[in-house]
Amino acid sequence: MKKKPKSGSASVRERLEEAEQTLNAIRGGQVDAVIVAGSQGDEVRAIQSMGGLADFVFNQVQQGIFIVDGRCRILRANGPARALSPENPEMRAFPEAVCLRPIGNQAAAAGSPRPIIPEGWPSAGPRRFNLDVIHCKEGVEDAYYQLEATAIDLESGDFRGGMIALTDITSRKRADMQLAERNNQLLYHLQLTLSITDNTVEALVLTDADGVVVLHNPASEKLFSCKSEDITGKRLHDLFLLKSEGKDPNARTLPPDLLHPRRVENVPAFLIRRDGREIQVEYSLAPVYKGESWTGSVLMLRDVSELRRVEEALRASEEKQRQSQKMEAIGRLAGGIAHDFNNLLLAILGFTELSLASLSEADVIYDNLKEVKKAGERAASLTTQLLAYSRKQMMTPKTVGIGTIIADMEKLLRRVLGERIALTTSVPEEDPLIVVDPGQLQQVLLNLALNSRDAMANGGQLSIQVSRCKKSDAFPDGLIAGLGKEGEDSPPAGEYVVVEVIDSGHGMDEHVKSRLFEPFFTTKEFGKGSGLGLATAFGIIKQSGGYFQVFSEPGNGAMFRILLPLAGGIEYSWESVRPERITTAKGVETILLVEDEDLVISLLKTVLVRAGYRVLAAASGEEALALAREFDKRVDLVITDVVMDGMSGLETWEKVKPIHPEADIIFISGYTEDEVVKQGVSQDGIRFLSKPFTSKVLLERVRDILDERQANVRKQRIQA
């Protein structure tokens, strides 16, 4: 039977019916041949028998198909199957002829892969099985296949074997591998992200568009003071509230942009936690989108309370350093001014004294000169205070009892304070010893008392209390305005004497306290104060190795606390007021005077010559050395300025002494102590006079030294 193909105009239904009839005819053995035609109706091939049809179908299948016998030897292989074998595969064992191996999770332990074909198959074992395999070509994996094996056992009993089909799954396998790799990467990034968020110190919260928490990290539990179940699924309104920095302290609100798709960064705020504690935070907000739709926000918060505390401490430290540098600069300026001023004042006071000594009180200019002298003495007092403030004045420290100092000046304090202010003092029974210049400490207490008196215009109470404490004892916080050593932030370990001066005055605010010890700063009316009283006290205590603390509030009085190191040893006996000498302080000895200031050398030479001394005057160290070599008689005393151009006073003395070994020395200077120390003349036993000094003081010191030297010479002669 021969059928022609239908034309293209035949309906689909008719074509399907014809195809079904043809198939039934083939199955019933009624077909002699099948003609396969091309698209133009041309006859391509005719298959004359069912055997030919089977061969045609076998070779046209795109899968690689192997027919094996009962011992799994290849009987037949179609075209795609032969392409997998490097040579003719017939009668060779499968799968060795094809170079296949299992892949994926079907392999056993490394080095022992599962065999592709079960042992004994197809005669024994499973009827059907499948697995994925890799094909290797010249040792290189080039393709992936799905192996499907089916055992064949014909009913006639004349054949037992199997069919193995290999379907190329390379594209799908590689796609699966790429997908698996992508999934692995996504999983890794997810794990990495979770690790970062779980270990970050910032609180991270993911919310939906309604402000409901979807996810959060462990740090958020600590920040909010909540458990995990109290955060997830809760609205932020129920978790915490913020109050804006600088706003109403009672206001409570959520971040204003939280329920809007906006981005904000590092916004400062105060967080009210669930436990009621208030902390400083900074929060950032980023919107989350799905496509074009806003689905929520990521809120990040970090606790900056400690950071703010450190920043505040740093600002305070920087301010303290700036204040210290400012006051140190003022001190250096004060010392420099004092040096030049002292030379001028020495000349003014000295020539004024000489003029007064040559006039009678009835003279018309006598009173004028007395006023000039009085003004000069006030100026000298100001320079002394400037040097005290700059901690560069010459001091004579002694070991004294603090109670002795207070008792010695109690009458003076009562007279200064007046009747409207009640003074009380309290000193331990065992008077604690300190090492200070007694006169300087008296000046400190007097300045503090005067300051308290001005703060109690309508009367009040002033108390001076003395106690002892150890460094381990708690010092209340206060304004530490003086340090024992530059750079110290607190007193070192040891025992201290504490002097507290407490008044019931109007007190001070923070601004006044911050500038309290600045020179020339005063709250008094113009002309009522120089602003140097407390600055002087500050300098004296600091130079004595002590500390100042100030406690005061407006309307609650003030307390000045002085901390001085406790000293051991025996108390030094001293007099607070030195009685004036009655001596005329005249002499006939020879004095070598060295001074580079013309006014000063002229004055000192005049004073010494009038007192009967022979004076060799030199304007420099070099000139003095030349005079010492030329003078063939004895020089009894050398008076030299410390700091001069060329040779210093110390160098001059060291070169003159071998020439006149019998001479003694007095150093004079208007420079600060630091400069005197640098010149090496502030050692024990060194004679020193600080400018400005009066003619009387100079003559007394000269006479004392010369008399002491003569007494020592007589004593040596007697002993000899």
Show, in sequence, the C-alpha distance, side-chain angles and deciding distance for Leu206 and Val213, and conclude whether the side chain to side chain contact (heavy atoms under 4.5 Å, CB included) test is met. CA-CA 6 Å; Leu206 174 63; Val213 178; over 6 Å; no
Are Phe560 and Val499 packed together at the side-chain level, in the sense that at least one heavy-atom pair is separated by less than 4.5 angstrom?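 Heavy-atom side-chain distance check fails, nothing below 4.5 Å.
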Atom CD of residue position Gln461 - does it have more than 12 heavy atoms of other residues, nucleotides or ligands inside 6.0 Å?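 Result for CD/Gln461: open.
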Has the side chain of [X] got a donor or acceptor atom that lies under 3.5 Å from a matching backbone atom of [Y]?
X	Y	value
Thr170	Ala143	no
Ser452	Leu448	yes
Asp208	Ser297	no
Asp303	Val281	no
Trp121	Pro126	yes
Thr232	Val214	no
Asp503	Gly505	yes

Presence of salt bridge, Glu311 and Arg308, under 4.0 angstrom: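 Looking at Glu311 together with Arg308, the answer is yes, because their closest N to O distance falls below 4.0 Å.
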SB check Glu495 Arg468 (cutoff 4.0 Å):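 Here Glu495 pairs with Arg468 in a salt bridge, since their nearest N and O are under 4.0 Å apart.
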Among Arg172, Arg174, Lys173, which residue satisfies the salt bridge (charged side-chain N to carboxylate O under 4.0 Å, His left out) criterion with Asp176?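 Passing option: Arg172.
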Please determine whether side chain to side chain contact (heavy atoms under 4.5 Å, CB included) holds for the pair Asn266 and Tyr283, giving the CA-CA distance in whole Å, both sets of side-chain angles, and the decisive distance to 0.1 Å. CA-CA 5 Å; Asn266 301 326; Tyr283 69 87; over 6 Å; no
